[in-house]
Amino acid sequence: MTYDPDIAVTVWPEYFDIKLTRAQGRRLPKNLCVENPSLDLIAKGAMMLDLEYEILENMSYPKFPRAKHGCVRVERSELPKTILLPEIAKVLIENQ
C-alpha cells in the first residue's frame, strides 16, 4: 500500500511512555514501554516494518492539548493497530 493521509494510522509517543498510566494514554504494558519515546524512533519502527510514514511535530495528544509532542502518521497495513504498536515498541526498546 501507499501512504494516504486520509486513512493513515496515528501513532502518538504517549502510547509508549512508561511514565504514563493507561488512563493517561499508554497503550502497551510497561515491559514494552520506554522513557521519553521520540518521534524519530517511532518512525524508524515504521520504516523497519516497511511502512510509509509522516512525522507531524506540532501536534498534541488529545488528553494533553498543551503539550506539543507530535505524532507519526503511518500507512494503514494488513496489521491491526494492536499488533502494529508492539512491533514498533520492540524497535524503541532496542534503541533506547
State, to 0.1 Å, how close [X] and [Y] come at their nearest heavy-atom pair, and which atoms those are.
X: Ile42; Y: Leu92; result: N-CD2, 3.9 Å
X: Leu56; Y: Arg73; result: CD1-CG, 3.5 Å
X: Asp50; Y: Glu75; result: O-OE2, 4.2 Å

* Asked: Hey, quick one: are Met48 and Val74 part of the same hydrophobic cluster, counting side-chain heavy atoms closer than 4.5 Å, chains of contacts allowed?
  ->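 No: no chain of side-chain contacts under 4.5 Å links Met48 to Val74.
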* Asked: Do Ile55 and Ile88 share a hydrophobic cluster, counting only Ile, Leu, Val, Met, Phe, Trp and Tyr and linking them when any side-chain heavy atoms are less than 4.5 Å apart?
  ->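 Both belong to a single hydrophobic cluster.
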* Calculate, to the nearest 0.5 Å, the distance between atoms CG and CZ belonging to Leu28 and Arg22 respectively. =>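 Going from CG on Leu28 over to CZ on Arg22, the span is 6.5 Å.
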* Could you give the distance from CZ (Arg26) to CG (Leu85), rounded to the nearest 0.5 Å? -> 12.5 Å
* Asked: Between Leu79 and Leu51, is any pair of side-chain heavy atoms under 4.5 Å apart?
  -> no
Contacts under 3.5 angstrom, residues 29-41 side chains, donor-acceptor by atom type, not counting sequence neighbours:
{"unit_1": "Ser38", "atom_1": "OG", "unit_2": "Leu41", "atom_2": "N", "d": "3.2"}

Less than 3.5 Å apart, which donor and acceptor atoms pair up between the side chains of residues 11-21 and the rest of the protein, not counting sequence neighbours?
{"unit_1": "Glu14", "atom_1": "OE2", "unit_2": "His69", "atom_2": "ND1", "d": "2.9"}
{"unit_1": "Tyr15", "atom_1": "OH", "unit_2": "Arg27", "atom_2": "NH2", "d": "3.4"}
{"unit_1": "Tyr15", "atom_1": "OH", "unit_2": "Lys81", "atom_2": "NZ", "d": "3.2"}
{"unit_1": "Asp17", "atom_1": "OD1", "unit_2": "Lys19", "atom_2": "N", "d": "3.1"}
{"unit_1": "Thr21", "atom_1": "OG1", "unit_2": "Ala23", "atom_2": "N", "d": "3.4"}
{"unit_1": "Thr21", "atom_1": "OG1", "unit_2": "Gln24", "atom_2": "N", "d": "3.2"}
{"unit_1": "Thr21", "atom_1": "OG1", "unit_2": "Gln24", "atom_2": "OE1", "d": "3.4"}

